[in-house]
Protein chains: 2
Amino acid sequence: MKKEYSKTEIKIKTAAKSLFLKKGYSATTTREIAKKSDINLALLNYYFTSKWKLFEIIMFETLFDFLSKMVEVYNDEKTSLEDKIKLTCEKYIDMTIAEPLLPTFVLNELKNNPTSFLKMPSTKMIMKSRLVAQYQEGVKKGIYAKIEPIHFVTNIMSLIVFPFMCSPILMKMEKLNTEEFNNLMHERKKSIPKWIIKMIKK
Amino acid sequence: MKKEYSKTEIKIKTAAKSLFLKKGYSATTTREIAKKSDINLALLNYYFTSKWKLFEIIMFETLFDFLSKMVEVYNDEKTSLEDKIKLTCEKYIDMTIAEPLLPTFVLNELKNNPTSFLKMPSTKMIMKSRLVAQYQEGVKKGIYAKIEPIHFVTNIMSLIVFPFMCSPILMKMEKLNTEEFNNLMHERKKSIPKWIIKMIKK
DNA sequence: TTTTTTATTAATCATTTGTTTAATTCAATT
DNA sequence: AATTGAATTAAACAAATGATTAATAAAAAA
């Protein structure tokens, strides 16, 4: 189903994504993209019609990739709720260490242009995930304190993602280099599940 | 000490801030600023030299305002740790409801231009605040579980701020309008302190 | 009032930017 | 080998953008 991209198209998309992530949509020029991907400027429009279309494609694929990976963990049939939380932290922290600019980029562009998200594969899948169901079962059984599911999932994501978005501040506050900062995030792979479980335990 | 701004300068700054917050630095044009503030385009450069200088001034004042308000609560001599957490949540959630675009804007522009932050009034004040000290006292006394202070303050801010940055997603997921979303955030003023305290209790 | 300084304006400049055109090269097909 | 269609290129266009200029209006100082 997925469109097959030629080498040139991939070069353009790769360069464009890296620039969009770093500088945002508006601050990135088509000439920069052409230069970085080592193609002629006109090819950008030849293959992708316009800067905006190219951006939309990259945005969609990026979000789609991310959501797919996320839902995969959320919906695993074999794992317990607490394992799911652990796996979520591990997976998403690793993913974000690999692409630390992504969360701020996505949320910022989403702010600038909320409609570009409407086409997205239903984000509602998260609320209907096994993770949420398992938590609610736990509540019924009296194991967990009752928290609205929307708050529950928001809390997990907040603790995982926000520190990355604050990295410039945290690194300045604690005089960290990138490696030290990443270590701090690695620590959180073990801590966040503990914190979350404390939060939901009665 | 603070510079006195003329009426015209305030008009420019107000319009510019609102546009920068909404669209970011690059996507905002000087002509838009001039139009919105109802001044002649040349006055922008007359008073502020350049778009970038104007932006720096706005950025600095915004961050300074925010940090001042934050540190004020963190360093209150009268309140207990748990009260400080409650007050922080209340104050910052209210602040962010009033200016919901600010966190994403700040963190994004900071990502694009990390140096613009170096001039900032020491963010280190947070780590040396009474709030952190009180938490560490509690750890010594054996009341609280030991968490690195940097994680402790990060967690508080994460739970408070991140949901605002996700508002487009949350609103779509739960089909909320702005009022309903704000209510959700108001709820968190009471919940977050409870969650944080559970997190740090042994 | 006259002079001087400050504030405001319209017009313009020099770049930059996204996009298009028309010509050329390359690759596949006949 | 000739032909056709796709890929690539250099050049150019039109609009937008940040900034400046030179002239004028308003306010303050003399």
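Keep in mind the model is a prediction, meaning the values are calculated, not measured. Every chain is numbered from 1, with letters handed out A, B, ... down the list of sequences.
Note on ring orientation: taking the six-membered ring where Trp is involved, the planes of B:Y135 and B:F152 are parallel (angle under 30°, cut-offs 30° and 60°).
Distance B:K35 NZ to C:dA10 P: 14 Å, rounded to the nearest Å. To the nearest angstrom, P of C:dT16 lies 15 Å from NZ of B:K51. Between B:N45 atom CG and C:dT12 atom P the separation is 18 Å, expressed in whole Å. Rounding to whole angstrom units, CZ of residue A:R31 and C1' of C:dT15 are separated by 11 Å. Taking atom CZ of B:F48 as the reference point, atom C1' of D:dA19 lies 16 Å away to the nearest angstrom. In this structure, B:L44 atom CG and C:dA7 atom P are separated by 15 Å, rounded to whole Å. For B:I12 and D:dA19, the CD1 to P distance is 13 Å, given to the nearest whole Å. One interatomic measurement links the two molecules: NZ of A:K7 to P of C:dC26, which rounds to 16 Å at whole-angstrom precision.
Remark: A:K194 NZ is loosely packed, at most 12 non-hydrogen atoms of other residues, nucleotides or ligands lying under 6.0 Å away. Remark: B:E137 CD is packed, more than 12 non-hydrogen atoms of other residues, nucleotides or ligands lying under 6.0 Å away. Sparse packing is recorded around CD of A:E148, with 12 or fewer heavy atoms of other residues, nucleotides or ligands lying under 6.0 Å away. The 12-atom threshold is exceeded at NZ of B:K51, counting heavy atoms of other residues, nucleotides or ligands nearer than 6.0 Å.
Within the 4.0 angstrom heavy-atom criterion, no nucleotide atom of any strand lies near A:S26.
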Between protein and nucleotides 7-10 of chain D, what N or O pairs are separated by less than 3.5 Å?
residue : atom : partner : partner atom : Å
D:dA7   : OP2  : A:Y46   : OH           : 3.1
D:dT8   : OP1  : A:T8    : OG1          : 3.3
D:dT8   : OP2  : A:T8    : OG1          : 3.2
D:dT8   : OP2  : A:Y47   : OH           : 2.9
D:dT9   : OP2  : A:N40   : N            : 3.3

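For D:dG18, one of the phosphate oxygens OP1 or OP2 lies less than 4.0 angstrom from a side-chain nitrogen or oxygen of B:T30.
In summary, A:D83 and A:K78 do not engage in a salt bridge, as defined by a charged side-chain N under 4.0 Å from a carboxylate O.
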